[in-house]
Every structure is written in C-alpha cells, then in structure tokens.
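Letters go in sequence order (proteins before strands), and every chain restarts at 1.
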Number of protein chains: 2
Amino acid sequence: MRQEEEIREADGLVEPGARATIDDVARIANVSTATVSRTLARPELVSEETRRRVMEVVESTGYRPNALARALRTRAAQAVIVLVPDFGNPFYTEIVRGMERRASASDYAVLMGNTESDPERERSYMRLLLDRRADGLLLLSGRLPEGCPADGPARPPIVFVSEDLPGCEVPLVRIDNPAAAEMAVRYLIDLGHRRIGHVAGPPGRILSPERHAGYRQALEAVQIPYDPALVVAADFTFKGGRAAARRLLDLPEPPTALFCANDESAMGALRAARDKGLRVPEDLSVIGFDDIQLAEISDPPLTTVRQPRAEMGAKAMDVLIRTIEGEALSGLDIVMPVELVVRGSTSSWRPR
Amino acid sequence: MRQEEEIREADGLVEPGARATIDDVARIANVSTATVSRTLARPELVSEETRRRVMEVVESTGYRPNALARALRTRAAQAVIVLVPDFGNPFYTEIVRGMERRASASDYAVLMGNTESDPERERSYMRLLLDRRADGLLLLSGRLPEGCPADGPARPPIVFVSEDLPGCEVPLVRIDNPAAAEMAVRYLIDLGHRRIGHVAGPPGRILSPERHAGYRQALEAVQIPYDPALVVAADFTFKGGRAAARRLLDLPEPPTALFCANDESAMGALRAARDKGLRVPEDLSVIGFDDIQLAEISDPPLTTVRQPRAEMGAKAMDVLIRTIEGEALSGLDIVMPVELVVRGSTSSWRPR
DNA sequence: TTGTATGCGTTATCAT
DNA sequence: ATGATAACGCATACAA
C-alpha cells in the first residue's frame with residue numbers, strides 16, 4: 001500500500017509502469033469517478049466539455065478499466081466458454097473461427113476448452129462458469145459436462161452446435177443430417193450406382209443414426225433394397241474408415257460406391273481402395289461428409305457434403321450472446337443449409 | 001437487492017438456484033468470513049473443530065469462491081493466454097495440449113487465442129492481459145503482439161515457444177533447428193543420396209534460415225558442394241510444398257531426395273512426386289519435419305524429425321507459471337531434444 | 001449534468 | 001485461533 005502511494009502522482013500524472021485506475025483519471029480530470037465511468041459507458045449522459053476532458057486524460061494515462069472489477073460489479077464477465085471434444089480435429093476449428101468472429105464483434109472473450117471428452121477436464125471448465133469467469137457455454141460435443149445443471153433456473157446460458165442432447169430445451173444450431181445424407185446418396189444413385197456401401201459413424205454419437213437414416217431413405221426412395229451387410233460402423237477416424245471400407249470391399253459382391261459418415265473416414269476408405277488396387281473413381285466412388293480442408297488436397301480430391309461451419313459457429317455464438325443478454329431463446333432450433341461439393345472421387349457407373 | 005433477500009435463507013440454508021457466497025457460509029457456520037477464507041486457503045491456521053464445521057457448510061451449500069472477486073483482491077487471475085497464429089495447424093495443437101496439462105496442474109485457466117497473425121486480433125487478446133483477466137502470455141508465433149511492452153518492468157510475463165524474437169530477453173522453449181535439420185539430411189546422405197533438394201520455409205519465419213543452415217551444414221560436412229538450384233522456398237503449406245517440389249523435380253538433373261522444412265510441405269512433395277509418376281521411396285526419398293499426425297497416415301508414411309511438442313508446451317507453461325509466481329527467469333533458453341522417425345518415405349540410394 | 005455513497009465477493013491487516 | 005474492517009476497481013441509485 002505504501003508503495004502505491006509513492007508511485008502515484010508527481011504533479012497529476014501517473015507514473016509509467018503503474019496502471020491507472022478510474023480514481024487516477026477522475027482526480028486528474030477533476031471530476032468524480034462516477035463521471036469517468038459514465039463517460040466511458042454512456043457518453044451521451046455527459047456534457048461535451050467534460051467528455052472531452054475525461055477522454056483526454058484517459059488517453060494520456062492509457063487507462064483501461066479493470067475487467068475483473070467491472071465483471072464483479074456487473075455480474076457479467078463478457079466471456080464465454082467453448083467446449084470442444086478434440087480440437088486437433090479440423091472439423092471443429094472452422095466452427096470456432098466463426099464463433100470468435102461473432103464474439104469479438106460484441107466484445108466477448110472466447111475461452112476455448114479442449115476436453116478430449118474427459119469428464120475431469122469438462123468439470124474443470126465448468127468451474128470457470130461457476131466461478132463467474134464466463135457467462136455462457138457453447139457445446140460441440142452433444143453432451144452436458146458433468147456437474148452442469150441441465151434445466152431449471154440454475155442452468156447457465158448454453159447453446160449446442162452440430163450435436164444436441166435429446167430431451168433438453170437448449171437452443172441448437174445444426175444441419176439436417178438425414179436430408180444431407182440422403183442428398184449425398186441420391187447423387188451416387190443418380191450417377192448410376194446401385195450397390196452403395198455405408199461407412200457409418202460410431203453408435204455412441206447421435207450423428208451416426210441420423211446419417212444412416214438418410215442413406216437408407218435415399219435407397220428406399222428408388223426401391224433399392226436395404227442390405228445390412230453394406231453398412232459397417234467406424235469411428236470417424238482415418239483408421240476406422242480404412243478398416244470398415246476394407247470389410248466392405250472384401251465382400252463377395254462389393255459395393256461400387258461408398259458413402260462415408262465423415263471426411264476423415266472417407267480418407268480411410270480412399271486408402272482401403274488403394275490397398276486393394278482399386279482406382280477411385282473408376283472402380284469405386286467415394287463420398288464424404290463435412291468438407292474439411294483435407295478433402296480438397298486428398299488424392300483424388302473428395303466429393304463431400306459441405307457444412308457451413310463458420311456460419312454455424314457464428315450463429316451459435318449469436319444465439320448464446322443474445323441469451324446471455326436476456327432474450328428467451330430456449331427452444332430454438334436453427335437448421336443451416338448444406339451443399340454437395342463434387343470433386344474427383346465420384347464418377348458415373350453403368351448398372352450391369 | 002430485495003429479491004436476493006427473499007431468496008436466501010429459510011432456516012439457515014441457501015435456496016437452490018441462488019449461489020452461496022462466503023457470507024452465507026460464514027453465517028451458517030457461525031464464524032466470520034475471514035475464518036471461512038482461511039479455512040479454504042490455509043487450513044492449518046484454523047482449529048480442527050472450526051475447520052470441520054466450515055467445510056461441512058461449504059459442502060452442503062456448494063459454495064465456490066467467486067474467482068473474479070478473488071482475482072480483484074489478489075491481483076492474480078490464475079489464467080494465462082496462449083496465442084496461436086493458426087490453430088487449424090496440427091503442429092500447434094499438440095503443443096497446446098501439453099500446455100493445458102501443466103496449467104491445470106497449477107489450477108491455471110488457459111485462454112487460447114487464435115490470431116491468424118492478424119494484428120487486430122492480437123491486440124484484442126492483449127487487452128485481456130491489460131484487463132487483468134490473465135497473468136501471462138505464451139507466444140507461438142515468434143513475435144510480440146502489437147501494443148505489448150517488449151521490455152522494462154511493464155512487460156508482462158511472457159514465454160516464447162518454438163520461435164523467438166531475436167534481441168529480446170524473453171524466456172524461450174525450442175529445439176535446435178540447425179542440428180535437427182543436419183541430422184535429417186545426414187540420414188539421407190548415409191542412405192547414399194548425394195543430390196539432395198531442400199523445400200525450404202518462407203523467408204519471413206526465423207525457422208527457415210535455421211533449417212536451411214542445417215541442410216547446408218550436413219552437405220558441407222561430407223564435401224558435397226552446395227547448389228542453390230536445389231533449394232526452393234515454399235511456405236509450410238501442402239500447396240507450396242507441391243509447387244516447390246515440382247520445380248525441383250523438373251530440374252535437368254533432379255534430386256534423388258528431398259528434405260522438406262516441415263511435414264505439410266513434405267506432403268506436397270509426396271504429391272508432386274506422384275504427379276510426375278515417381279515412386280516414393282524407390283525413385284525419390286522424402287523427409288519432413290515436425291511429425292504431425294498426418295505423417296503417420298500419409299502414403300507412404302513420412303520419415304520425419306519429431307519435435308516433442310507436448311513436452312515443449314508443458315515446459316513453456318511451467319516456465320511461464322513460475323515467472324508469474326515471482327521467479328526471475330528472464331534469459332532462460334530451453335532446448336528440447338528431437339528424434340528422427342524413420343518411416344516409409346526414405347530408402348537407400350546407390351550413387352551412380 | 002454531476003457528485004456521493006454504497007456494494008459486488010473476496011482477501012489481508014490488524015486487533016483481540 | 002478468530003473477528004472487525006478495510007481495501008481491490010468499478011458501476012449505479014440517489015441526491016443535488
């Protein structure tokens with residue numbers, strides 16, 4: 001304390017190195033702290049003259065309000081937490097980019113948490129929320145962290161992205177997975193394919209049955225009988241996709257086209273084809289889902305379903321911020337449009 | 001205010017939904033707030049009996065200290081900022097993982113900022129620091145954000161990782177790039193290669209000349225004359241690597257092996273080889289740098305120099321936290337060991 | 001339009 | 001060993 005006294009104030013200025021507080025500014029500008037606060041937060045309440053004088057001092061002292069003190073007072077941290085299950089996964093990075101964009105537009109800080117689906121880590125990020133260091137939560141994992149009040153007034157502002165938790169009134173930004181999958185498979189059908197395999201997602205993820213449903217829907221729409229042998233579950237990884245595709249290609253009557261539940265497993269399928277000496281797309285068509293960066297540089301480049309990831313992220317952040325700021329958006333369900341991106345991994349097939 | 005009064009306290013308990021404060025705990029446990037605070041921070045100063053009683057109430061109320069208030073008082077946010085130039089880049093994710101591990105061990109929150117090398121975004125993260133919402137800065141970009149005091153007492157705790165800013169007394173955690181590059185190239189030489197090309201990094205990054213120096217060093221050690229025509233600068237991307245490698249392979253007397261400044265450009269080189277109908281490693285050996293995940297699943301899998309990324313991240317976080325907590329580690333320069341990972345993209349060559 | 005005074009939830013200082 | 005009490009830096013209700 002004593003030290004502070006010494007540092008401050010030779011003749012009305014603040015010693016460099018010491019941080020100016022609102023009191024410093026007030027004193028130097030010869031107004032009350034209330035006026036300084038008002039000048040910054042609601043300039044219209046302050047006279048032209050005073051405002052000028054205060055702003056001048058703010059400039060010269062380099063004064064920046066202490067966000068902690070402000071948050072304590074206003075009970076708003078101006079920060080949100082984004083919980084990503086695996087941020088090494090390129091699927092998420094683009095979403096987060098969109099989120100950051102929207103957040104910074106409203107001056108919210110983004111605290112990104114990489115949980116690796118580890119309950120312990122989820123809990124540790126939840127703490128930030130309970131600590132009041134963040135105002136809301138963006139969840140990309142389709143599940144609530146342990147220790148998070150699921151409903152009732154104690155539930156903090158939350159928005160789900162891409163995957164949701166069924167039976168939970170949390171706003172959700174997503175795509176229509178069945179419809180998107182159906183579109184992809186129909187494209188293969190339109191190319192002439194009749195025997196179409198599906199490298200599915202892991203059973204634990206809600207996305208898997210949804211995309212599988214779209215696959216099945218597309219077949220049924222054109223009277224192609226559904227053959228369970230043509231569906232092999234993988235786990236959204238390269239390795240899993242490779243193994244699953246291998247099983248499909250080893251079938252006595254192998255598929256001529258593969259619909260993969262995501263791009264990464266589609267990469268695996270591409271490799272499986274090469275392993276077997278099959279050419280893509282001449283001998284086998286492959287279609288993915290997501291349109292991650294890798295899809296463009298793979299060999300051949302991957303035909304896939306593009307999710308508007310950045311827009312989804314921005315939209316989700318928008319909903320979250322509005323929720324934090326008081327709007328009641330509980331049941332919101334926002335469905336974003338997808339797009340089929342045709343590249344080199346698919347080609348037409350003459351039915352035999 | 002009035003509302004709060006109503007919510008609290010029927011017969012000594014806190015209404016669910018309302019958050020317990022230290023006052024609630026104190027009142028219910030029949031002690032002062034000071035005692036509650038002590039019980040939590042320095043239990044040894046409190047009598048057995050009191051401690052038990054307080055802890056009981058803490059449990060039953062679910063009391064958690066408000067981190068903001070604490071930070072305001074103690075002037076320590078228990079949070080650090082990690083600035084990543086591009087978190088879509090797999091090179092960084094593993095480093096950040098290591099950082100998170102070390103941070104959570106000391107109960108620090110990690111605020112990850114994705115700057116995309118945009119000064120505006122850098123500035124916005126710097127604000128968090130000046131706002132007192134974070135205690136220190138971890139920089140992976142080899143440059144200070146604009147508006148960051150580079151030296152003097154006003155400089156916040158900072159640690160550089162992987163790349164540093166020459167002429168700056170900031171602690172640094174890194175590898176020995178020239179030595180690592182030399183090791184890689186020597187490996188190629190030992191395999192019998194004599195004509196070795198270098199897909200270099202962009203001139204703007206300090207890593208580029210360092211790895212180039214190692215390349216040159218290895219050649220000179222065995223009297224292979226340095227040929228500038230065998231060095232083409234790329235930009236650490238797939239596309240750049242592909243173009244650079246193409247130029248090298250189009251040379252009248254093309255190299256039999258390529259040392260690429262990072263894995264991503266090595267992937268591009270692999271593709272360039274395939275574009276030309278060259279087999280790897282039979283016709284061309286390729287070696288990368290970093291050992292990102294992709295290196296393992298590429299076709300063929302990539303021989304590369306592994307950086308201990310997670311360890312580097314953890315170490316850097318360790319240094320940062322210790323700096324924050326008062327140790328004077330200014331000039332520190334920590335060099336981590338690398339390792340050559342031999343996979344399928346390299347093979348021996350009979351000199352002609 | 002401006003100032004005074006109080007409180008946000010802690011921790012630290014000083015008594016007791 | 002414990003309790004009063006004063007900051008921490010800001011925002012706001014209320015008074016002027």
Side-chain angles (χ1 to χ4, degrees), chain A residues 1-5 7-8 14 18-54 58 61-78 130-133 135, chain B residues 1-5 7-8 14 18-55 57-58 61-78 130-133 135:
Chain A
M1 303 300 109
R2 216 174 343 107
Q3 198 183 357
E4 300 243 337
E5 295 311 309
I7 288 182
R8 296 272 161 76
V14 173
R19 298 176 48 87
T21 70
I22 198 172
D23 293 288
D24 297 319
V25 177
R27 192 164 27 71
I28 300 174
N30 237 310
V31 293
S32 71
T33 61
T35 298
V36 176
S37 179
R38 274 190 293 255
T39 306
L40 264 35
R42 322 188 42 192
E44 69 276 14
L45 295 185
V46 157
S47 82
E48 169 68 29
E49 154 65 6
T50 311
R51 191 188 322 159
R52 218 183 27 68
R53 206 168 66 246
V54 171
V58 167
T61 55
Y63 167 69
R64 300 199 39 74
N66 179 319
L68 259 26
R70 167 182 286 166
L72 181 60
R73 177 64 230 238
T74 62
R75 302 157 159 283
Q78 290 277 318
L130 301 175
D131 274 358
R132 289 271 189 260
R133 291 161 81 150
D135 304 316
Chain B
M1 305 302 112
R2 213 171 348 103
Q3 197 182 356
E4 301 241 337
E5 295 310 310
I7 288 180
R8 298 271 161 76
V14 173
R19 299 175 46 87
T21 70
I22 199 172
D23 294 289
D24 297 320
V25 176
R27 192 162 28 70
I28 299 175
N30 238 310
V31 294
S32 71
T33 61
T35 298
V36 175
S37 181
R38 271 189 296 254
T39 307
L40 265 35
R42 320 189 44 192
E44 69 275 14
L45 295 186
V46 157
S47 82
E48 170 68 27
E49 154 65 7
T50 311
R51 191 188 321 158
R52 219 183 26 70
R53 207 165 68 244
V54 171
M55 288 313 289
V57 177
V58 167
T61 55
Y63 166 70
R64 300 198 38 76
N66 179 320
L68 258 27
R70 166 183 288 165
L72 180 60
R73 181 64 233 235
T74 63
R75 299 159 162 284
Q78 291 276 319
L130 302 175
D131 275 358
R132 289 271 189 259
R133 291 161 77 148
D135 305 316

*Kindly point out which of D/dT2, C/dT2, D/dC8 is positioned nearest to the side chain of A/V46?*
C/dT2
*C/dC8 P sits how many Å from B/L68 CG, rounded?*
15 Å
_Using a 4.0 Å heavy-atom cut-off, does B/R64 contact any base of the nucleic acid, only the sugar-phosphate backbone, or nothing at all?_
sugar-phosphate
*Rounding to a whole Å, what distance do you find between A/E44:CD and C/dT2:C1'?*
15 Å
*Grab the two heavy atoms, one from B/I22 and one from B/T33, that are nearest each other, plus how far apart they are.*
CD1-O, 3.6 Å
*In Å, rounded to the nearest 0.5 Å, how long is the span from CG of B/N66 to CZ of A/R132?*
7.0 Å
Protein and nucleotides 11-14 of chain C: nitrogen or oxygen contacts under 3.5 angstrom:
| unit_1 | atom_1 | unit_2 | atom_2 | d |
| --- | --- | --- | --- | --- |
| C/dT11 | OP1 | B/R70 | NE | 2.8 |
| C/dT11 | OP1 | B/R70 | NH2 | 2.9 |
| C/dT11 | OP2 | B/S37 | OG | 2.7 |
| C/dT11 | O2 | B/R73 | NH1 | 2.5 |
| C/dA12 | O4' | B/R73 | NH2 | 3.2 |

*asked:* Run A/T50 and A/V31 through side-chain contact (heavy atoms from CB on, under 4.5 Å) and show every step you take.
replied: CA-CA 8 Å; A/T50 311; A/V31 293; 3.9 Å; yes
_Rounded distance in Å - CZ (A/R42) to P (D/dA11)_ = 12 Å
*Could you state the atom-to-atom distance from CG of A/L45 to C1' of C/dT2 in whole Å?*
11 Å
*Whole-Å gap separating P (C/dG9) and CZ (B/R27)*: 13 Å
Under 3.5 Å, sequence neighbours excluded: what are the donor-acceptor pairs made by side chains of residues 35-43 of chain A?
| unit_1 | atom_1 | unit_2 | atom_2 | d |
| --- | --- | --- | --- | --- |
| A/T35 | OG1 | A/S32 | OG | 3.3 |
| A/T39 | OG1 | A/T35 | O | 2.6 |

*Taking CD from B/Q78 and P from C/dT10, how many angstroms apart are they, rounded to a whole number?*
15 Å
*Do B/E49 and B/R53 meet the salt-bridge criterion of a basic N to acidic O distance under 4.0 Å?*
yes
*May I have the step-by-step check of side-chain contact (heavy atoms from CB on, under 4.5 Å) for B/R19 and B/D24, ending in yes or no?*
CA-CA 9 Å; B/R19 299 175 46 87; B/D24 297 320; over 6 Å; no
*side-chain contact (heavy atoms from CB on, under 4.5 Å) evaluation trace for B/R51 with B/E48*: CA-CA 5 Å; B/R51 191 188 321 158; B/E48 170 68 27; 3.9 Å; yes
*Is the distance from OP1 or OP2 of C/dG9 to the nearest side-chain N or O of A/R75 less than 4.0 Å?*
yes
*Write down the distance between CG (B/D131) and P (D/dG9), rounded to a whole number of angstrom.*
14 Å
*Any side-chain N or O of B/S47 less than 4.0 Å from the OP1 or OP2 oxygen of D/dA1?*
no
*What integer distance in Å separates B/N30:CG from D/dG3:C1'?*
12 Å
